[in-house]
Amino acid sequence: NRIVRKNCKSSRFVLLYKKGSSKQEDPLNSRMEGTILRIQKSAEDYLETILRLTIRNGSVRSIDIATELGFSKPSVSTAMKRLRENGYITVEAHGLIHLTDKGREIADKIYERHVLLTRYLTDLGVPPDIAEQDACKIEHILSQETFDRIRIHAESKRKELQNRPE
């Protein structure tokens with residue numbers, strides 16, 4: 001199996017191949033040797049970026065994604081092709097990109113993680129720029145159970161602070 005890994009804002013997809021086969025698996029949500037493989041970090045970053053740009057601008061094109069992430073247009077076009085082929089986005093004839101329900105579900109999850117982790121780290125005293133970078137890395141590797149525990153803890157601490165007499 002060949003796995004390509006990069007930092008949080010990676011332009012590469014993880015390519016997954018079954019042993020003894022040249023057939024490429026869905027790099028976003030595969031089963032390989034009985035193990036469910038979750039969507040890869042770079043794809044999560046693209047989906048989250050599409051969501052954030054949609055919220056901010058109302059519409060998204062490949063050039064917007066390239067500008068936001070600092071990637072070349074050809075790199076983004078290749079990634080968008082893979083996301084489209086795997087059913088995570090649709091691309092209109094005039095280039096507007098939309099998340100499918102499947103893509104939106106993943107983007108919402110990653111965006112929620114990113115926002116909560118950034119806020120949690122800044123609440124701990126981490127400078128905002130470092131908290132943002134660290135949240136971007138952490139959001140991809142936490143299990144759902146660990147994230148749920150962090151969310152519960154963060155919410156209880158926020159409530160404590162809100163209810164504290166001045």
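Computation of the quantities below employed the complete heavy-atom set of this structure, encompassing side-chain atoms and omitting hydrogens, waters and symmetry-equivalent molecules. Just so you know, these numbers come straight off a predicted model, no measurement behind them.
K109 contributes atom NZ, which lies 10.5 Å from atom CG of L47 (distance to the nearest 0.5 angstrom). Summarising the geometry, atom OG belonging to S62 is positioned 13.0 Å from atom CZ belonging to F71; distances are rounded to the nearest 0.5 Å. Going from atom CD of E44 over to atom OG1 of T49 covers 11.5 Å, rounded to the nearest 0.5 Å. In this structure, CZ in F147 is found 10.5 Å from CD1 in I152, a value given to the nearest 0.5 Å. Separation of atoms CD1 (I50) and CZ (R104) is listed at 11.5 Å; rounding is to 0.5 Å.
A donor-acceptor contact shorter than 3.5 Å is absent between the side chain of T146 and the backbone of L142. Looking only at distances, a side-chain donor or acceptor of D64 sits under 3.5 Å from a matching main-chain atom of R61.
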Residue pair K137, I141: steps toward the side chain to side chain contact (heavy atoms under 4.5 Å, CB included) verdict: CA-CA 7 Å; K137 295 171 192 168; I141 61 171; over 6 Å; no
Worked check of salt bridge (Lys or Arg N to Asp or Glu O under 4.0 Å) between R52 and E68: CA-CA 10 Å; R52 285 187 292 109; E68 181 78 9; 3.1 Å; yes
Candidate pair Y88 and L99, rule side chain to side chain contact (heavy atoms under 4.5 Å, CB included), full reasoning: CA-CA 6 Å; Y88 295 97; L99 293 167; 6.0 Å; no
Steps toward salt bridge (Lys or Arg N to Asp or Glu O under 4.0 Å) verdict (K157, E160): CA-CA 5 Å; K157 288 296 179 189; E160 280 178 28; 3.7 Å; yes
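Follow the hydrophobic side-chain contacts under 4.5 Å out from Y46 and you reach I55 in the same cluster. In this structure, I63 is not a member of the same hydrophobic cluster as L69, with clusters built from ILVMFWY side-chain heavy atoms closer than 4.5 Å.
A heavy-atom distance below 4.5 Å is found between the side chains of E112 and R151. By the 4.5 Å heavy-atom criterion applied to side chains, R119 and L116 are counted as neighbours. Residues I97 and I65 are in side-chain contact: their nearest non-hydrogen atoms beyond the backbone lie under 4.5 Å apart.
Looking at T78 and S75, their side chains never bring a donor and an acceptor atom within 3.5 Å of each other. Using modelled atom types, one finds a donor on one side chain and an acceptor on the other under 3.5 Å when comparing Q144 with R113.
Take A131 and apply the side chain to side chain contact (heavy atoms under 4.5 Å, CB included) test, not counting sequence neighbours, and it matches T118, L121, T122, V126.
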Side-chain donor-acceptor pairs of residues 89-96 under 3.5 Å, sequence neighbours excluded:
from: E92; atom 1: OE1; to: H94; atom 2: NE2; distance (Å): 2.7
from: E92; atom 1: OE2; to: H98; atom 2: NE2; distance (Å): 2.5

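Within the structure, ring pair (Phe, Tyr, Trp, His ring centres under 6.0 Å) pairs that include any residue of residues 100-129 comprise Y120-H153 (at least two apart or interchain).
By the 6.0 Å contact criterion, CD on E105 is open, its count of non-hydrogen atoms from other residues, nucleotides or ligands being 12 or less. Taking a 6.0 Å sphere around CG of D129, one finds it holds more than 12 heavy atoms contributed by other residues, nucleotides or ligands.
A135 and L117 get closest at one heavy-atom pair: CB-CB, 3.8 Å.
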